[in-house]
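Right, one structure below, let's go through it.
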Number of protein chains: 2
Amino acid sequence: MSSEKYENELYDLAELFKMFGDSTRIKVLFELCESELAVCDLAERLNMTQSAISHQLKILKQSKLVKSRREGKSIIYSVADEHVRSIIALGMEHIEE
Amino acid sequence: MSSEKYENELYDLAELFKMFGDSTRIKVLFELCESELAVCDLAERLNMTQSAISHQLKILKQSKLVKSRREGKSIIYSVADEHVRSIIALGMEHIEE
DNA sequence: TTAACATATGAATAGTTGCTCATATGTTAA
DNA sequence: TTAACATATGAGCAACTATTCATATGTTAA
């Protein structure tokens, strides 16, 4: 039984896709694929509260899908891994059918 | 704001990745990528109840990621879309780093 | 038809999760 | 230092979801 052999990998894989499996998070990732953004700008673009976005960014950062740096009063977030773009692109291919 | 333009696509995309974002479902998909299987065989391989697997298969079928056919007393499930394989493969690439 | 096997399904439950609200932390300009 | 701005975070709640249990549906062989 192959999935038993890959037990841990498949668990991690589910955790990875879970990150893309929420409307808010995938919107955040999608925006960050186009340009790096501060938390308040993300919140404004997605029409959500700063708190909600900040909570999701924390989860995305823990999963190492986004990274951040301070710039004055703001924290600028950006995509941490090129795989984010390719995973979203591949998913889009599937949707558009 | 780009994500607003793609509002519906991103919602569907999240729904797609949600399917891959559960340990049980991704194990099922992974097994089915290797060979088509009856429900009871899947349940045995994953060491889970027939009911639990059946419930998840229903969800996967609604999402059009798996298909099924009857063969005697059994229902044989298989992957419905080649994208399933490529999405899992791409995710695996990300994990193995 | 009946028994045995295979699958599907509805209800109930326990666990998870995303958001809100309030507030803390950190930065900058006056 | 103080006020204004930007972000992070913990607690609480409401909504969602994966599993279990019991049972219904469907198929085959005797």
Side-chain angles (χ1 to χ4, degrees), chain A residues 3 7 10-32 35-78 80, chain B residues 3 7 10-32 35-78 80:
Chain A
S3 74
E7 179 81 32
L10 288 170
Y11 179 83
D12 291 343
L13 202 51
E15 290 303 303
L16 173 67
F17 286 126
K18 211 169 278 182
M19 292 302 109
F20 294 83
D22 171 77
S23 286
T24 300
R25 279 194 299 270
I26 205 156
K27 283 178 195 167
V28 166
L29 290 171
F30 189 76
E31 290 285 354
L32 294 182
S35 61
E36 51 179 28
L37 286 167
V39 182
C40 62
D41 294 331
L42 267 171
E44 191 181 11
R45 286 186 185 218
L46 305 186
N47 200 33
M48 295 185 66
T49 66
Q50 173 269 321
S51 180
I53 297 301
S54 191
H55 276 293
Q56 295 306 327
L57 284 169
K58 184 179 187 178
I59 293 171
L60 288 171
K61 195 173 182 185
Q62 285 170 341
S63 301
K64 300 187 177 171
L65 295 178
V66 306
K67 60 187 175 185
S68 66
R69 68 170 198 278
R70 180 170 282 282
E71 199 164 279
K73 281 181 281 190
S74 301
I75 309 279
I76 311 294
Y77 279 83
S78 55
Chain B
S3 73
E7 179 81 32
L10 289 170
Y11 179 83
D12 291 342
L13 201 51
E15 290 302 304
L16 172 67
F17 285 126
K18 213 169 277 184
M19 293 301 109
F20 295 83
D22 172 76
S23 286
T24 299
R25 280 195 299 270
I26 204 157
K27 283 179 197 168
V28 167
L29 290 171
F30 189 77
E31 290 284 354
L32 294 182
S35 60
E36 52 180 28
L37 287 167
V39 182
C40 61
D41 294 331
L42 267 170
E44 192 181 10
R45 286 186 185 218
L46 304 186
N47 200 34
M48 293 186 66
T49 66
Q50 173 269 322
S51 180
I53 298 301
S54 191
H55 276 293
Q56 294 306 327
L57 283 169
K58 185 179 186 178
I59 294 170
L60 287 171
K61 196 173 181 185
Q62 285 170 343
S63 300
K64 300 187 178 170
L65 295 178
V66 306
K67 59 187 176 185
S68 65
R69 68 171 198 280
R70 179 170 283 282
E71 199 164 279
K73 282 181 283 190
S74 300
I75 309 278
I76 312 292
Y77 280 84
S78 56

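Letters go in sequence order (proteins before strands), and every chain restarts at 1. Being a predicted model, the structure only gives us computed values, none of them experimental.
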Show, in sequence, the C-alpha distance, side-chain angles and deciding distance for B:Leu16 and B:Leu65, and conclude whether the side chain to side chain contact (heavy atoms under 4.5 Å, CB included) test is met.
CA-CA 9 Å; B:Leu16 172 67; B:Leu65 295 178; 4.0 Å; yes
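- Relative orientation of the B:Phe20 and A:Phe17 rings is tilted, given thresholds of 30° and 60° on the angle between their planes.
- For the pair A:Tyr11 OH and C:dT16 C1', the computed distance is 11 Å after rounding to whole Å.
- In terms of phosphate contacts, A:Thr49 brings no side-chain nitrogen or oxygen within less than 4.0 Å of OP1 or OP2 of C:dC21.
- Listed pair A:Ser51 / D:dA8 fails the phosphate criterion, with no side-chain N or O lying under 4.0 Å from OP1 or OP2.
- On a pure distance criterion of 3.5 Å, no polar donor-acceptor pair joins the side chain of B:His55 and the base of D:dT17.
- You won't find any donor-acceptor pair under 3.5 Å spanning the side chain of B:Gln50 and the base of C:dA6, going by distance alone.
- Note: CD (A:Glu15) to P (C:dT16) measures 11 Å, nearest angstrom.
- Atom NZ of residue A:Lys67 and atom CD of residue A:Glu36 lie 8.5 Å apart, to the nearest 0.5 angstrom.
- The shortest distance between the side-chain N/O atoms of A:Tyr77 and the OP1/OP2 oxygens of D:dA8 is below 4.0 Å.
- Here C:dT17 presents its C1' atom at 13 Å from CE of A:Met48, a figure rounded to the nearest Å.
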Any chance you could lay out the side chain to side chain contact (heavy atoms under 4.5 Å, CB included) test for A:Ile53 and A:Gln50, step after step, and finish with the verdict?
CA-CA 5 Å; A:Ile53 297 301; A:Gln50 173 269 321; 6.0 Å; no
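- Whole-Å rounding puts the B:Asp22 CG to C:dG15 P distance at 16 Å.
- Atom pair A:Asn47:CG and C:dC19:P shows a separation of 13 Å (rounding to whole Å applied).
- Rounding to the nearest 0.5 Å gives a distance of 12.5 Å between OG of A:Ser68 and NZ of A:Lys58.
- Going from atom CG of B:Leu57 over to atom P of C:dA6 covers 16 Å, rounded to whole Å.
- Among C:dT7, C:dG18, D:dA18, the nucleotide with an atom closest to any side-chain atom of A:Ile59 is C:dG18.
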Chi angles and distances behind the side chain to side chain contact (heavy atoms under 4.5 Å, CB included) call for B:Lys27, B:Met48:
CA-CA 11 Å; B:Lys27 283 179 197 168; B:Met48 293 186 66; over 6 Å; no
For DNA chain D, the dot-bracket notation using Watson-Crick and G-U wobble pairs below 3.5 Å, [ ] for pseudoknot-type crossings and | for other-strand pairs, is ||||||||||||||||||||||||||||||
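- Nucleotide D:dC16 holds its P atom 10 Å from the NZ atom of B:Lys18, rounded to whole Å.
- Judged purely by atom type and a 3.5 angstrom limit, A:Arg25 uses its side chain to pair as donor or acceptor with the backbone of A:Lys18.
- We find the CG-CD1 distance between A:Leu42 and A:Ile75 to be 12.5 Å, quoted to the nearest 0.5 Å.
- Contact annotation: B:Arg25 reaches the phosphate of D:dA18 (side-chain N/O to OP1 or OP2, under 4.0 Å).
- Less than 4.0 Å separates DNA chain C from at least one heavy atom of each of the following residues of residues 63-76 of chain B: B:Lys73, B:Ser74, B:Ile75.
- Remark: P of D:dA6 and CG of A:Asp41 are 9 Å apart, rounded to the nearest angstrom.
- Closest to the A:Val39 side chain, of the nucleotides D:dT19, D:dT17, D:dT7, is D:dT7.
- With hydrogens and angles disregarded, no donor-acceptor distance shorter than 3.5 Å links the side chain of A:Arg45 to the backbone of A:Asn47.
- The phosphate of D:dT19 (OP1 or OP2) has a side-chain N or O of B:Gln56 nearer than 4.0 angstrom.
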Do A:Asp22 and A:Ile59 pass the side chain to side chain contact (heavy atoms under 4.5 Å, CB included) test, and can you show the C-alpha distance, the side-chain angles, and the key distance before you say yes or no?
CA-CA 12 Å; A:Asp22 171 77; A:Ile59 293 171; over 6 Å; no
